[in-house]
> 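Next up is a structure, given as structure tokens.
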Number of protein chains: 2
Amino acid sequence: MLIRTPADLGAVIRDRRKRLKLDQSTLAKRIGVSRQWVIEIEHGHPRAELALVLRALDALGIPLNANPELKTSRGPAPTAVDINAIVAKAKKSKT
Amino acid sequence: MLIRTPADLGAVIRDRRKRLKLDQSTLAKRIGVSRQWVIEIEHGHPRAELALVLRALDALGIPLNANPELKTSRGPAPTAVDINAIVAKAKKSKT
DNA sequence: CATTTTTGTCAGCGTTCGCTGACATTATCA
DNA sequence: TGATAATGTCAGCGAACGCTGACAAAAATG
């Protein structure tokens with residue numbers, strides 16, 4: 001599942017929790033947060049604390065993967081050269 | 001890259017930013033946060049807001065993937081049956 | 001049906017967020 | 001080397017966090 005928004009994350013958490021047959025209280029204890037927190041996360045609370053979110057995913061056995069750009073297929077580096085920088089320098093040095 | 005802690009995330013963000021030859025100010029504008037925020041995230045700030053983090057990853061072109069448990073190899077469901085529930089019920093009903 | 005479990009809502013409280021703006025401290029580079 | 005950019009640090013401020021505890025609503029169970 002691709003996580004794009006807090007709501008996505010809430011859905012993932014809730015689904016997994018139900019799949020594991022846990023109620024919110026139990027999960028909350030396991031994560032080390034209040035039941036309130038679980039409720040809000042599952043509803044897509046946008047300002048939840050990063051660390052708590054990570055702990056929740058861990059408690060549910062959900063690994064989080066950040067792809068630092070999967071090889072964009074063949075062809076050489078798309079635009080690893082920074083044209084902007086080059087231009088900027090060209091402008092600086094008169095001739 | 002597997003994200004387990006806020007520090008992991010900070011590293012991923014910083015690496016990607018540098019690879020894209022962006023400075024913190026530029027990235028901050030792109031994400032829509034203050035430069036301060038970028039500094040703190042890259043240092044592993046544990047209480048950053050979820051939504052801002054997701055926006056940062058998006059701005060950097062880093063997709064986030066949550067595996068709802070990758071098929072744990074062969075063999076039938078590990079323990080999809082909830083023994084606890086069964087036992088609980090067994091206890092309730094006398095005979 | 002009645003009962004129990006689960007989920008959702010409310011308010012108040014102390015803590016911390018993320019922001020701004022200015023100022024150190026390092027890189028970077030000609 | 002000196003000058004510029006990039007990064008890091010500080011303090012103050014309004015806003016929101018996550019917590020507790022009690023209660024309401026909904027769902028499950030017999």
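This structure is a prediction, so every number in the text was calculated from the model and none was measured. Values below: every heavy atom of this structure, side chains too, minus hydrogens, waters and symmetry copies. The sequence lines fix the lettering, A, B, ..., with proteins before strands; numbering per chain opens at 1.
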> Given atom CD1 of A:Ile39 and atom C1' of D:dA22, what is their separation to the nearest angstrom?
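The distance from CD1 of A:Ile39 to C1' of D:dA22 comes to 13 Å, rounded to the nearest Å.
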> Between B:Leu20 and B:Ile31, is there shared hydrophobic-cluster membership here, with clusters defined by ILVMFWY side-chain heavy atoms closer than 4.5 Å?
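In one cluster: yes.
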> Counting side-chain heavy atoms from CB outward, which of C:dG18, C:dT9, D:dT9 is closest to A:His43?
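Closest nucleotide to the A:His43 side chain: C:dT9.
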> Between A:Lys29 (NZ) and D:dC19 (P), how many Å, whole number?
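The distance from NZ of A:Lys29 to P of D:dC19 comes to 14 Å, rounded to the nearest Å.
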> Indicate the atoms forming the closest heavy-atom contact of B:Asp8 with B:Ile3, along with that distance.
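Taking B:Asp8 first and B:Ile3 second, the nearest heavy atoms are OD2-C, 3.9 Å.
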> Does C:dT16 have OP1 or OP2 sitting under 4.0 Å from an N or O in the side chain of B:His45?
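Negative; the distance criterion is not met.
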> What verdict does the side chain to side chain contact (heavy atoms under 4.5 Å, CB included) test give for B:Leu22 and B:Arg30, after you've listed the backbone C-alpha separation in whole Å, the side-chain angles of each residue and the deciding distance to 0.1 Å?
CA-CA 10 Å; B:Leu22 302 175; B:Arg30 225 173 257 202; 3.7 Å; yes
> Closest heavy-atom contact between A:Pro46 and A:Pro6?
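The answer is CA-CG, 3.7 Å.
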> CD1 of A:Ile39 to CG of A:Leu27: how many Å apart, nearest 0.5 Å?
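Going from CD1 on A:Ile39 over to CG on A:Leu27, the span is 11.5 Å.
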> From CD of A:Gln24 over to C1' of D:dT20, roughly how many Å is that when rounded to an integer?
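Distance check: A:Gln24 CD to D:dT20 C1' gives 16 Å.
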> So, applying salt bridge (Lys or Arg N to Asp or Glu O under 4.0 Å) with A:Glu42, which one of A:Arg14, A:Arg35, A:Lys18, A:Arg16 is it?
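Per the salt bridge (Lys or Arg N to Asp or Glu O under 4.0 Å) rule, the option paired with A:Glu42 is A:Arg14, out of A:Arg14, A:Arg35, A:Lys18, A:Arg16.
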> Measure from the side-chain heavy atoms of B:Glu49 and tell me the nearest of C:dG18, D:dG18, C:dT9.
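Of the options given, the side chain of B:Glu49 lies nearest C:dG18.
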> Provide, to the nearest angstrom, the distance between the CD1 atom belonging to B:Ile41 and the P atom belonging to C:dG18.
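Checked: the CD1 to P distance equals 7 Å.
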> With heavy-atom distances below 4.5 Å as the criterion, would you say the side chains of A:Leu64 and B:Leu64 are in contact?
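A side-chain contact under 4.5 Å exists here.
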> Using the test side-chain contact (heavy atoms from CB on, under 4.5 Å), find all partners of A:Asp15 that sit at least two apart in sequence or belong to another chain.
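A:Asp15 satisfies side-chain contact (heavy atoms from CB on, under 4.5 Å) with no other residue.
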> In the 5'-to-3' direction, what one-character label does each nucleotide of nucleotides 22-27 of chain C receive under the scheme B = base within less than 4.0 Å of a protein heavy atom, S = sugar-phosphate only, - = no such atom?
------
> C:dT7 phosphate, OP1 or OP2: any side-chain N/O from A:Arg17 under 4.0 angstrom?
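Checking A:Arg17 against C:dT7: at least one side-chain N or O falls below 4.0 Å of OP1 or OP2.
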> Have a look at the helix from C:dC1-D:dG30 to C:dA30-D:dT1 and give the angle its two end axes make, five pairs each, rounded to 10 degrees.
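One end axis against the other gives 60°.
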> Any side-chain N or O of B:Arg14 below 4.0 angstrom from OP1/OP2 of D:dG8?
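Answer yes for this pair, as a side-chain N or O of B:Arg14 is under 4.0 Å from OP1 or OP2.
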> Pair A:His45, B:Leu50 - check side chain to side chain contact (heavy atoms under 4.5 Å, CB included), show working.
CA-CA 8 Å; A:His45 182 44; B:Leu50 175 59; over 6 Å; no
> Tell me the interatomic distance from B:Glu40, atom CD, to C:dC19, atom C1', rounded to whole angstroms.
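After rounding, the reported distance stands at 10 Å.
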> Tell me the interatomic distance from A:Leu27, atom CG, to C:dT5, atom P, rounded to whole angstroms.
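To the nearest whole Å, that distance equals 19 Å.
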> On DNA chain C, check which nucleotide each of A:Leu22 and B:Arg47 is closest to and give me the residue with the more 5' one.
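Looking at DNA chain C, the more 5' nearest nucleotide goes with A:Leu22.
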> If you find the nucleotide of DNA chain D closest to A:Ala48 and the one closest to B:Lys18, which residue's nucleotide is nearer the 5' end?
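With A:Ala48 and B:Lys18 compared, the 5'-side residue is B:Lys18.
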> How close or far is atom C1' of D:dT29 from atom CG of A:Asp23, stated in whole angstroms?
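It is 15 Å, rounded to the nearest whole Å.
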